[in-house]
Structures are given as structure tokens and as C-alpha cells.
Number of protein chains: 2
Amino acid sequence: MGSPEGWEREIIILGPGEPIERIADLFLKNSKTHTSIIVGECDITYKGRASSKAPWGVRIVIYKADGTLIIHEGRDRDPLNWQPPGSLCIPSTVEGQLVITCNSRKYGYEVVVIRFKKILASIWSKLSTTGLEKRGTERDISEAIHSNPDLVVPGATVIGHEVDTPSGKIDLLLRDRDGRIYVIEIKNEKAGLSAVNQLIRYVEYIESVMKRTREEREKSVIGVLVSPGISERAKELLIKQGFIHIDPKTFKQTRHFSLTDYIYYKDNKERS
Amino acid sequence: MGSPEGWEREIIILGPGEPIERIADLFLKNSKTHTSIIVGECDITYKGRASSKAPWGVRIVIYKADGTLIIHEGRDRDPLNWQPPGSLCIPSTVEGQLVITCNSRKYGYEVVVIRFKKILASIWSKLSTTGLEKRGTERDISEAIHSNPDLVVPGATVIGHEVDTPSGKIDLLLRDRDGRIYVIEIKNEKAGLSAVNQLIRYVEYIESVMKRTREEREKSVIGVLVSPGISERAKELLIKQGFIHIDPKTFKQTRHFSLTDYIYYKDNKERS
DNA sequence: TTGTTTATGTCGATA
DNA sequence: TATCGACGTAAACAA
């Protein structure tokens, strides 16, 4: 393919019928700086943490400049096969077929071997590595409560944040005017049993640190699960413990932090 | 691009400089049956469970026939943005730019909007949906122990499998000649605190069901964590409980089930 | 459909 | 580097 507009600096496109030696050569030469995309009929062998074999089929193979390999079929969000960033792909020609061998050392030794029976398209292009801005995450909810503990407990103040325990980190610790302690666990999804179990362990730990009598403990340390929804079994367990569940959509907008997007989503979810 | 070899039945390839109306048309017409691939400079807005905005950059947009949308940059295994299978992408032309709007109803309402400033390549091709054969998974290890409990406890027999508890399912339950019960938890990766916590909850449940005295319990129910490796803190917790850790690479090959690939991997990991 | 668990999870933050 | 927990986790599997 010619390039009358001079766009060969931005992209290289080869159609079907190109000699595989040329594809192998371009792959080898460009894969450190460009993303390689090959569409073609291939089979794939993987051996590493698990093992797999994919039969002949038409797939997209993408090898990024950071050493990531992903292979996609006509379904699913996740790749059929892949290798993590930092992997090394080497093209070769075996018995008239293009073979790409991809090695990774991230988890011991892993290898993916792609053998092409037919290549329909191959592309090289420099892709961005910009990333993106996110909002509406667990951290945002945590920050919202941190700036304004009233959202969860009226008149409470923050006494701890990311508090380390043998069972993990407590998202937030609050204390109200009467000295009651609240262990806050935040999930940005419908909470299940594991979230409640986590909360129980945190509360047990705080109680053990406080070293009070049983009666005092039960009055003074309360688990609070903040999440959009909670499963039935999880709610049972939570209530049995005397804990509280709060849905962040009840926060509404505050002067401290805008949860507009989050609430927008929740409202839509409610409707569905 | 012409097609002297008649390969237009297998793939359509457009280079830079194609009118966006043609691309929009092909996208609309083919996206139900073919996977669409567009390489170009775009910005992306996402609103749904979270929100995000990606600035102008060169990216690969893939829209599969099952309604999956994925957008990749020049780094990382996971897509920058995506929509799950079953989503609907509609192309439009706005102020001379191609805009693809992708809606999903899987989690309430979610939308990804891709606006192209420049398109470098667009491809349509029918991809396979073959899937693959896997081995060396947690299930394989579970089946290996099930067929041959001696791998874990000499002379033991299987008395339970996928046993339901309030905290989740127990992978395997064994009993040895002396009547001791073993709760087996299998992980196919290095085990952390959560794995040990899970095991503790299972053992507590089995003990509570057995309703024996404290002394009897401590003798009779033993937690066994089967995993390739265990983190330091997790091991402390495990030992404090009097539980056992077993690495499946010690299984070796048995006449019941071949763990060849698994062991192959572990051996390589050891070396690294 | 719903809930639960696994995953070659991936990825980022932190000690 | 190893560990830990969140993720718009996704995908498989059982109920």
C-alpha cells in the first residue's frame, strides 16, 4: 500500500497476501515503539500459571510497546489469552507460517505461542498512554465522609483513617459525642458476606484493643457498612451483630464534596 | 482498497482519509455480525458505576458482535474504557467528526461516548468464538485430592465436597482413621490473609455444628490450606490457629490424576 | 435471574 | 520487591 498523504509516519497497514517475512520484519522492528495489531487465523498454546490450547480460529493479536500481549475473539471483554506488561514477543517463520512466541518472567516462566495459518491484516501504530480521570470511586466516598462525618453519624468526628489491623485496614474510625466508636467499612458495590465478615473482624480488633468489659464493648463499638445495597444473607449477619448499613445515595450533595455523579448513577440503578 | 483476491468476504480494511460517513455506514451495517476495529485519535467520556474522561489520544476501539466494547491504549492488559457484552454502539457524525455512543443496561444505565478527531484505520472481520481448554485450575487440584485424599492426609476419606456454610462453601471435607476432620481450602495462587480468614470461619462453623467440648474440638477439626505459597502474615495467622499449609507441588504425579502441567509451572517458579 | 467464587485475575499503593 | 486490597473487576457456576 502506498501513502500519498504521507501518513506512514502515523500508521502502517498491510492487507491480506503480504509475505510473512515482511510482517515478521515489521513486527520485530516496530514492536518496541509501536503497538502491533494482527488479524488472522491462528491457534494458540499457553503454559504458565495454568495451561490452555485454542484451536484454529480468526482472532486479533495486539502487542503493545510496554510488552503487553492480548488476544481477542469475537466475544467477551477479557482476552482469550494474554501476557502481562514487560513480556517479550519474538516473531519467526516456521514451515511457511508466522509464529509469535511470547515470554514472561513476571510469574515464574510463562509462554504463549501463536501460530498463524492466514493473516488478514497487520497494523503498526503509536498509541497514547494517557490514562484517564476517574470519579465516583470508593476513595471519593471515603473522602466525602472524612470531610463530613455527619453524613454517617450526626455530630461524629474522625479519629482514624486506613487504620491497620491484623485482618486488614479500617477505612474510617469515627467517635460520636457520647464516646461511641464507629468502624466504617466502605464498599462501592452491593455488599456480600465477605464485607460483613471483614467488618466483624475489624470491630473485634478495636474491641480487643480497648480492653473493656463485655457489656461496655457491646455498647461502645459499632460497625457501619456503607454500600449501595447489601445481600440478604449479609444483612442478616449484620443485624445479628447489631451493626448498621447505610446507602451512600442518602448522603445527598454536601457543601464539602459533590457526589453528583455517584448519585446520578445510583438513581439510574434504582430505576432499572 | 480493491480486492483482487476476493478477500472482501473475510475482511474489510480502510486506511486514513476515508470519509467518516462511509465508516459510520460500514460500522452500522456490519457490527451485528463482524468485529469492528478503529484506530484513531479520540477522546472518551464514561458515566455509569463511576465516571471518567480520557483526553485526546490515539487508541484502538474494538466493538465485538456480542456487543462488547473495549478501548485500548499503548499500555496495560486491561482496556482504558469498555462496555460489557450486550451493549449497543451507535455511530453518528457530529460537526465533521465520527462519534460512537455505546449504551449498556447491565448495571443500571451506563454510557461511553467516543469522539474521533482523526481515523487512521478501520477494519471489519468475522472473529471466532471458540474459547479454549484449560488445565491446572483450582478445580483440577480439588479433583486430584477428591480422587486421592492421601495427597493431603494419609488414609483419609472424603466426607464432603462444596459444603455450604453461612460464610461460604468448603472446598473439601476429609476424615482420617482417627476420626479427625480436615477442612480443606484450595487456592491456585499464593495465599493471603483473606484465605486464612475464610478457613478460620469454615472451621468455626464445622466445630459449632459438631457441638463438642472445647478440648475435643481443638483436637478434632483441622484447617488445611492448599496453595502454591503463603504470605508471611497469613502463615503467622495459620500457625496460631494450629492449621496446616500444603503446597500442591508436593503431590507429585498420581495414577488418579495428572498434575504435570501444574508441577511444571511450580518447578519453573521455584527456579526463578 | 440471582448470588457466590474463581481468575494466568489486573492494577495501584505502600512498607 | 513483596504484600495488600480495590476494581466500572469479568466470567463461570450453582441454586
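Protein chains get the first letters and strands the later ones, always in sequence-line order, with residue 1 at the start of each. For clarity, every value in this text was computed on a predicted model and none was experimentally measured.
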When Tyr202(A) and Ser104(B) are each assigned the nearest nucleotide of DNA chain D, the 5'-most assignment goes to Tyr202(A)
Salt bridge flag under 4.0 Å for residues Asp247(B) and Lys190(B)
no
On the side chain of Asp76(B), is there an atom forming a donor-acceptor pair with the base of dT10(C) - under 3.5 Å, no angle test?
no
Whole-Å distance, Glu162(A) CD to dT14(C) P, equals 8 Å
How far, in whole Å, is dA7(C) from dC7(D) if one measures between their C1' atoms? 14 Å
Between CG of Asn197(A) and P of dG5(D) the distance, given in whole Å, is 14 Å
For Asn103(A) and Val111(A) the tightest heavy-atom approach is OD1-CG2, 3.7 Å
Quiz item: If you look at every strand shown and take non-hydrogen atoms under 4.0 Å, does Pro84(B) touch a base, only sugar-phosphate, or nothing?
Solution: base
Here the distance between atom P of dT5(C) and atom CD of Gln198(B), to the nearest Å, is 7 Å
Is the shortest distance from a Lys or Arg side-chain nitrogen in Arg49(A) or Glu110(A) to a carboxylate oxygen in the other one below 4.0 Å? yes
Reckon Pro85(A) touches a base, only the sugar-phosphate, or nothing at all at heavy-atom distances under 4.0 Å?
-> sugar-phosphate
Between Tyr46(A) and Arg75(B), the residue closer to the 5' end of DNA chain C by nearest nucleotide is Tyr46(A)
| query | Would you call Tyr107(B) stacked on dG8(D), i.e. ring centres under 5.5 Å apart with the planes less than 30° off parallel? | reply | no
Assert: residue with more 5' nearest nucleotide on DNA chain D, out of Leu80(B) and Gly192(B), is Gly192(B)
At under 4.0 Å, does any side-chain N or O of Lys190(B) touch on OP1 or OP2 of dT3(D)?
yes
Side-chain donor/acceptor contact of Asn81(B) with base of dG8(D) under 3.5 Å: yes
Taken to the nearest whole Å, CG/Asp164(B) to C1'/dT5(C) is 12 Å
dG8(D) phosphate, OP1 or OP2, under 4.0 Å from Ser52(B) side-chain N/O: no
side-chain contact (heavy atoms from CB on, under 4.5 Å) with Leu173(B): of Val158(B), Ile206(B), Ile184(B), only one passes, and it is Ile206(B)
Arg77(B) atom CZ is separated from dT8(C) atom P, nearest whole Å, by 9 Å
Glu232(B) atom CD is separated from dA15(C) atom C1', nearest whole Å, by 15 Å
In whole angstroms, the gap separating P of dG12(C) from CG of Asp66(A) amounts to 11 Å
*asked:* If I pick the P atom on dA11(D) and the same atom on dC11(C), what distance separates them, to the nearest angstrom?
replied: 15 Å
| query | Is there a side-chain polar atom (N or O) of Arg49(B) under 4.0 Å from OP1 or OP2 of dA10(D)? | reply | yes
- Query: According to a strict under-4.0 Å criterion, is Lys169(B) in side-chain N/O contact with OP1 or OP2 of dT5(C)?
  - Reply: no
Ile170(B) CD1 to dA14(D) C1', in whole Å, measures 17 Å
### Message
On the nucleotide dA10(D), are OP1 or OP2 found under 4.0 Å from the side-chain N or O atoms that Trp82(B) carries?
### Response
yes
Separation between CD (Gln241(A)) and CG (Leu225(A)), nearest 0.5 Å, reads 12.0 Å
Paired with Val203(A), the side-chain contact (heavy atoms from CB on, under 4.5 Å) test is passed by just one of Thr165(A), Val221(A), Ile170(A), namely Val221(A)
Residue pair Ile186(B)/Lys106(A) against DNA chain C: nearer the 5' end by closest nucleotide is Ile186(B)
